[in-house]
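To start, the structure itself, in structure tokens.
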Amino acid sequence: MAQLRIALAQTNPTVGDLTTNADRLVAWTREAAERGAHLVVFTEMFLTGYPVEDLVLRTSFVDASIRTLEEVARRLEREGLGELPVVAGYVDRAGLAPRVGQPRGAPLDAAALLYKGEVVTRTAKHHLPNYGVFDEYRYFVRGDRLPIFRLHGVDVAIAVCEDLWQEGGPVSVVGQAGAGLLVAPNASPYEKEKDDVRLELCARRAREAGCGLVYVNQVGGQDELVFDGDSIVVDGTGELVARASQFREELLVVDLDELPVSDAAPGTFPYDAGDGSTITVERLVLSQDPVAPYPAEPARIAERLDLHAEVYSALVLGIRDYVRKNGFQSVILGLSGGIDSALTATIAADAIGPSRVNVVLMPSRYSSEHSLADAEELVRRQGVVSQIAPIADIVTAYEKEIELSGLASENLQARVRGMILMGLSNEHGHLVLTTGNKSELATGYSTLYGDSAGGFAPIKDVPKTMVWELAKWRNAHSDPQFLLQAERPIPENSIIKEPSAELRPDQRDTDSLPPYEVLDRLLDDYVEKDMGSQELIAAGHDPELVTRVIRLVDLAEYKRRQYPPGPKITPKNFGRDRRLPITNRWRETTA
């Protein structure tokens, strides 16, 4: 039996920034070498970032990915790190004829083994996910090779992300080939209420393969997706050995012992993948002699966060990386004194620091005294940058030139506020944050080119009831990663008062919508679970309310298409997950 020290590089790459990603690969590999690692495993498509979407349809991008991989292998050798094997994800190409929409040599979601200045072997994802936020069949062709390399006597196999999540394929072949360890680069995005499916999955696949499993997951925000890390190591029985933190970069170093020493002959061998395909195993030897026995480091198992800490951390990371990776120095939002804008401002301050968060208080003729007071109290508690821009006179000037009434008049106020925020954004380079929640977005309870105007929507995937829950959680908790250190940063009155858009006298959200605790349960069944009207009624929802809410949701599709991106935290967000036609005459019926 043999020992190996594995370094899991739970990293946050930037899509398209191949040079910086390569620099970071070298830096993390150096740290792994200093900590005595025998193998470093990076995440899926680390060199290019993930997901790259239609960038892979450009020959220039795929060429750059392959070139960067080869250059970084040589660089590792030059910098004295060539003796440490590195598994890294990137985009490669297959030697196939092009299909429509793809360059010559179809792209591969690939991983490579770098050693002694060379790209020793390459592999590619076999199972291509085509559900939820994934549409990889659009971009890639499936891989059909499984490398197994011998490292200090232990046979180590490589499988990429989805190959763990589907039956058959590489994991089945790993078991047949008798590898001693399976390493799996991943880019698995976060969503709430997944329970602990990753640990269960890794344990099941380890038992299936008959060997230990190293699951390395990406961390960071990428447009609407947030990756939470949570990298995992299990032994051959499926028992948890080590686990990384959630929502933060780290190099998790793990000592594995009792690994089988192999003397299988090198070469290429075909195996039945169990899914109707054949996978060719490529066996190669890097080093045969086991390392001398050494004292093992205690394995670290990071504690998992509770639901509200998870969701809040995901939102903070989503804003932080969107701002950082897109080069913004500051954000701006309208602060009304209500719960949605209060929570949005707090998340932003936690993400980038209160000195970079700008809020504008824009009272109208219908704004209550407590709204302005609550907004000012939040500014005092958090230290964000604020200004007051009353809109009553601006609205009056509009109304002198064009006659508007009812809903059109209400929407005018929201659009004036949006215009002010966009003007200040243009003047100072701020990123405008919208403050709408998922319940409002679902029912169309927002004004196009008004409160929907902006560049990023931090809580667009957060139901209203969870907005309140997160506000209460944040007032009771903090985290070293949060840059806002104020205690109880959200005024209590913003949390407990009845929600209102304050666009007409004595307006309440319940004038137009059912109570949010009722609405959110119905929206969860209709939007998340795709129940039809009959199923909704059978599930106990009021038939009249079902008809009313379905109509609101269906008619608001055009608004959602024009809403800014925001972090996905539910199983089915508006955007990448839920894709419905705008022009659509299908209507659910309750009869």
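Side chains are part of it too, since the values below use all heavy atoms of this structure and drop only hydrogens, waters and symmetry mates. Predicted model, so just to flag it, every value in this text is computed and none were measured. Counting begins at 1 with the first residue of the sequence.
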Legend entry - No-hydrogen, no-angle side-chain donor-acceptor test under 3.5 Å, Asn217 and Tyr190: no
Inset, instruction - Starting at OG1 of Thr570, measure out to CD of Glu191 and round the result to the nearest 0.5 Å. - result: 7.5 Å
Inset, instruction - Report yes if the side chains of Asp230 and Arg304 come closer than 4.5 Å at any heavy-atom pair, otherwise no. - result: yes
Legend entry - Within-4.5 Å side-chain heavy-atom neighbours: Leu448 and Tyr558: yes
Inset, instruction - Output yes when a side-chain donor or acceptor of Arg561 lies under 3.5 Å from a complementary backbone atom of Glu557, and no otherwise. - result: no
Inset, instruction - From the options Ile459, Asp374, Ile495, select the one residue that forms a side-chain contact (heavy atoms from CB on, under 4.5 Å) with Ile339. - result: Ile495
Inset, instruction - Examine distances only and state if a side-chain atom of Asn437 and a backbone atom of Ser439 form a donor-acceptor pair shorter than 3.5 Å. - result: yes
Legend entry - Partner of Thr346 under side chain to side chain donor-acceptor pair (under 3.5 Å), chosen from Gln382, Arg474, Arg381: Gln382
Inset, instruction - Check Val360 against Met362 and note the closest heavy-atom contact, atom names and distance. - result: CG1-CG, 3.5 Å
Inset, instruction - Return yes when atom CD of Glu544 has more than 12 non-hydrogen atoms of other residues, nucleotides or ligands closer than 6.0 Å, and no otherwise. - result: no
Inset, instruction - May I ask you to decide if the ring planes of His428 and His430 are parallel, tilted or perpendicular, using 30° and 60° as cut-offs? - result: tilted
Inset, instruction - Compare every heavy atom of Gly229 with every heavy atom of Arg198, then report the nearest pair and how far apart it is. - result: NH1-O, 4.0 Å
Legend entry - Donor-acceptor under 3.5 Å (Lys559 side chain, Gly444 main chain): yes
Inset, instruction - Identify the heavy atoms of Val15 and Pro51 that sit nearest to each other, and give their distance. - result: CG2-O, 3.6 Å
Inset, instruction - Check each of Thr465, Asp461, Asp524 against Lys438 using the side chain to side chain donor-acceptor pair (under 3.5 Å) test, and report the only one that passes. - result: Asp461
Inset, instruction - Would you please say whether a donor-acceptor pair under 3.5 Å links the side chains of Asp340 and Thr435? - result: no
Inset, instruction - Indicate, with yes or no, if the rings of Phe482 and Tyr312 have centres closer together than 6.0 Å. - result: yes
Inset, instruction - Walk me through it: do Tyr139 and Asp109 pass the test side chain to side chain contact (heavy atoms under 4.5 Å, CB included)? - result: CA-CA 9 Å; Tyr139 302 115; Asp109 181 342; over 6 Å; no
Inset, instruction - Could you tell me whether the side chains of Ser313 and Gln481 share a donor-acceptor contact shorter than 3.5 Å? - result: no
